[in-house]
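Being a predicted model, the structure only gives us computed values, none of them experimental. A note on names: the letters A, B, ... follow the listed sequences, proteins ahead of strands, and every chain is numbered from 1.
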Amino acid sequence: MDYNFKEIEARWQQFWADNKSFKTTDDFSKPKFYCLDMFPYPSGAGLHVGHPEGYTATDIVCRYKRSKGFNVLHPMGWDAFGLPAEQYAIQTGTHPAETTKKNCDNFRRQIQSLGLSYDWDREINTTDPSYFKWTQWIFTKLYNTWFDAAAGKGKLISELPIPAEIASAGKQAIKEYVDQKRLAYYGEAQVWYCRTCKTVCANEEVLNDGSHEKCGTKEVERRFLKQWMLRIPHYAERLLEGLDGLDWPEGVKEMQRNWIGRSTGAEVDFTLAGHDKKLRVYTTRPDTLFGATYMVVAPEHELVTEITTSAQKAAVANYINTAAMKSELDRTDLAKGKTGVFTGCYAINPLNGAEIPVWVADYVLMGYGTGAIMAVPAHDERDFEFAQTYDLPIICILDPKEGTDTVTRNKVLSGQACWSDDGAYINSVNKNIGIDINGLTKEQGIQQVTSWLEIAGLGKSTVNYKLRDWLFSRQRYWGEPFPVIHWEDGEITLLDDAELPLQLPEVEKYQPGETGESPLSNAGEWLTVTDANGRKGRRETNTMPQWAGSCWYYLRFIDPKNESEPFAKAKENYWMPVDLYVGGAEHAVLHLLYSRFWHKVLFDLGIVSTNEPFQKLYNQGMILAFAYETASGSKVPSDLVTEKEGKYFHNETGDELRQIVAKMSKSLKNVVNPDDVVEKFGADSLRLYEMFIGPLEATKPWTENGVKGVYNFLRRVATFFGEESNLKEGAESKETLKMLHQTIKKVGDDVEDMKFNTAISQMMVFTNHCLKAGSVTRETAKTFYQVLAPFAPHLAEELWAMSGHTESIGTSPWPVFNPAFLTEEVVEYPVSFNGKVRFKLELPVGLTSKEVEEAILGHDLTKKWLEGMTIVKIIVVLGKIVNIVLK
RNA sequence: GCCCGGGUGGCGGAAUUGGUAGACGCGCUGGACUCAAAAUCCAGUGAUAGCAAUAUCGUGCGGGUUCGAUUCCCGCCCCGGGUACCA
């Protein structure tokens, strides 16, 4: 038969759709397998070849798992809120919902053309009110939850104990106390704001020179805006612990650990000369307190203005302004050196009473610790650099000791170099207050100083996290509206569950409000509400960030049509956790951390049954493309490049170009569209190539010639097995049986290990063998179709039907591997002399080492290599290799 | 700077409880088919030397352990990704 992939693929895609072949039922009696792809943002550009990579991998696993008897949940949906549709609305007036629908339809069409076995009845869309109703519902849960640190879990706000002194201070005090505990709160947050665009902008939109990327003006500033925030740091410890039990790439877990950034240290209070207030610092090295020679507070620190002397006022104010205008990158660029200004104020070192100057410097960040540090230049690189710049004293209190070269050690001791490793303390004694850590090691010192501070009431041991409150609102139209009303008397209330979903209003224009407010501030009637008592209120105009919808979509897939609850408990209990989650590594931290956070809150509230959402995570690598650049390194679009004898030339200039590997991009004209590949080679070829190109997790370049390779393989399968005369009755040859069973085993094992490239290679080896053999039995052929089916389902269905089946091949069980067919009668021993293989010798299986040794020593070929040499040793590794050591 | 990956033929990649390096595919070369080309089929294909048998070299570089190292250890170089002064 010819390989008419177009006809074959159309037929079977129709068959699967007509028969709802991949519809998942909630049959709780079967073992379940929940396999999830990171759902895409349906962009206007359509699918690129990177999407099908992960989708094909999960599809193969799903088809394989079904044939192994699992009840498989394999859904697809759209993460469809997002900026591009809104941008397009601003430019053209097209409603984002319209753009979104168009893009979703296109994505669905493209994905369906690949023959992926999704249960389309479970399709969800984050912009659908029946979906975001529950996103809003979860937000109300977050708002009404507090974290009980003692119990280590979230609880309903109604269970929050109110301390007596708060309770007696009145209603307002209680309200403030409660609000302070909620996981969601409304507060001030500093954001970038562009006065020209009248919008809040992202960190990366603000360029190094302080201009706004989108409009080019320098009208950007740091501004405080009222925002919704989530107290994710309360779950830091839980998020950290939870990682241990997950089957995730170690690197991703490490990235999450680093992001959470747990550190233990101490908070220490310093008195300020001439002030009542104390300056509290956080340090991981309380042991180096004797070496503190100055203090630094962040420019945003609340005490700065208060402690600055009049002589320094102008300089400090100027510095604060400059720091505020600096972009994050600018402020934190290592190459740019450190800056700071003296406040004129002095602090007292609690251990030795020394007066040390307090500086303002932007290398200290307000968002971490207490926003103030004690600087120990002798033992901290950053402080050292700063001290050198401003000529501040550097006092060594930790002797690097033996093992460090003399030059370095002397430099450290004289304050000319920084030492942050372990050593022995010097100059660290104050008999008057009963502290002496001289001679101790770092670990002992930290412990002793911390406990001294605690007893003296000057400080306490503290755990700190880098993880910060999550800024959870955006000044955009195209997002989930907050179910929140701000009343004229200042009260904030949330809508009742019965009032959800709160839908987006229709607006005339999508431009932001005058003062940086969301476009919803133009929404007229929708905006104002009046309660039963005539009190007026205004709806929240911010919307939720794109993360919101993707934080819990895996739960909705379980029961996507449920109208009375986000999902039925029994179904959740059966399907969770997700057994395999596949997506790009770019989501290693944020999406996966946010999702885990929500999940843990839902778990604490008894809404979900598992502590973690995603049991196994696998990252697919990026698919790149070849690109071209000139000798000077400038990129040349691919349509201007000609290949001649393996070299590449510029069509216009004739210059020789260098082939490089780069991300696919419009400007390089090297974007590969899956539609074109399906048109030219078929969906099975596209699927196979995406898997054959290399390991799933690797970054690899796309080549069209590679597609041709797998296409050839499929064509050969189609023509060989499609030819009646190649299929025979009777007993299969021993050799073919062995190959077949090797293939069953290898492919099965490789799918379990997500090693699809080697599985395909094995099927190629098998097919090559069949072609050489000339014919195989019908039984062999059918078994092979079953092995091929998860990878090239259309062709496998076709061949399966041709062999007389009326049911889909997907309903047949995975073939059973029989090791009996693999037994060998002979072993080929490579015989090496001094580690170099000289010849190979076939010997019967089952010989003892002694027998193998004798057989080899007695062999003619051995004699040549023994001439003039003496045997030192003979190593026989049974079944593997023989090595004879000569002298 | 730090953290995490990774360096194997012309190319994508196989092979690691240490045991025949280069499976499979692309490309290339030669042959068959064809008036010719494409497609397809067959054979060859790490480098060097040799007509050949064969020999030597060969998994980023330099050392080490071992009968034996792509695999383990030490030191370095390069590439990719992440991150940004976290006290």
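- For B:C2, neither phosphate oxygen OP1 nor OP2 lies less than 4.0 angstrom from any side-chain nitrogen or oxygen of A:Arg382.
- With salt bridges taken as basic N to acidic carboxylate O contacts below 4.0 Å, none links A:Lys840 and A:Glu828.
- Pairing each heavy atom of A:Val376 with each of A:Asp383, the nearest pair is N-OD2, 3.0 Å.
- With no hydrogens or angles considered, a side-chain donor-acceptor pair links A:Asn883 and A:Ser832 at under 3.5 Å.
- Nucleotide B:G9 carries a syn base; the chi torsion (O4'-C1'-N9-C4 or O4'-C1'-N1-C2) is within 90° of 0.
- Set against B:A15, B:C24, B:C57, the side chain of A:Thr758 has B:A15 as its closest nucleotide.
- Using a 4.0 Å heavy-atom criterion, one finds that A:Trp865 contacts the sugar-phosphate atoms exclusively.
- When the side-chain nitrogen and oxygen atoms of A:Arg716 are compared with OP1 and OP2 of B:C41, one or more of them lie within a distance under 4.0 Å.
- When heavy atoms are screened at a 4.0 angstrom cut-off, A:Lys840 is found touching base atoms of the nucleic acid.
- Here A:Gln762 lies out of heavy-atom contact (under 4.0 Å) with every strand.
- Put simply, CD1 on A:Ile881 is 12 Å from C1' on B:A21, counting in whole angstrom units.
- The pair A:Glu53-A:Lys700 meets the salt-bridge criterion, with a side-chain N (NZ, NE, NH1 or NH2) lying under 4.0 Å from an Asp/Glu carboxylate O.
- At a threshold of 4.0 angstrom between heavy atoms, the contacts of A:Asn712 are confined to the sugar-phosphate backbone, with no base atom among them.
- Nucleotides of RNA chain B nearest to A:Gly261 and A:Asn768 differ in position, and the one nearer the 5' end is that of A:Asn768.
- Residue A:Arg257 is classed as having no contact, given no heavy-atom separation below 4.0 Å to the nucleic acid.
- In this structure, the nucleotide among B:G12, B:A23, B:A39 sitting nearest to the side chain of A:Pro701 is B:G12.
- Heavy-atom nearest nucleotides on RNA chain B were determined for A:Ser761 and for A:Pro830, and the one closer to the 5' end corresponds to A:Pro830.
- Spacing between atom CZ of A:Phe386 and atom C1' of B:C85 amounts to 12 Å, rounded to whole angstrom units.
- For the residue pair A:Asp287 and A:Tyr425, a side-chain donor N or O sits within less than 3.5 Å of a side-chain acceptor on the partner.
- Between A:Tyr711 and A:Phe5, the ring planes lie perpendicular to each other; the angle is over 60°, past the 30° to 60° tilted range.
- Comparing B:C67, B:A39, B:G13 by their nearest atom to the side chain of A:Val885 picks out B:C67.
- Within the structure, a side-chain polar atom (N or O) of A:Lys873 is placed less than 4.0 Å from OP1 or OP2 of B:C67.
- The list of salt bridge (charged side-chain N to carboxylate O under 4.0 Å, His left out) pairs with a residue in residues 252-261 of chain A, not counting sequence neighbours, reads A:Asp244-A:Arg257, A:Glu250-A:Lys253, A:Glu250-A:Arg257, A:Glu254-A:Arg257.
- Counting non-hydrogen atoms under 4.0 angstrom, A:Lys880 reaches the backbone sugars and phosphates but no base.
- Within the nucleic acid shown, A:Ile693 comes within 4.0 Å of sugar-phosphate atoms alone, with no base atom in reach, counting heavy atoms only.
- Counting only Watson-Crick and G-U wobble pairs whose two key distances fall under 3.5 Å, RNA chain B forms stems of three or more stacked pairs at B:1-7 with B:77-83, B:10-12 with B:24-26, B:27-32 with B:40-45, B:46-49 with B:54-57, B:60-64 with B:72-76.
- A:Pro249 comes within 4.0 angstrom of nothing in the nucleic acid, heavy atoms only.
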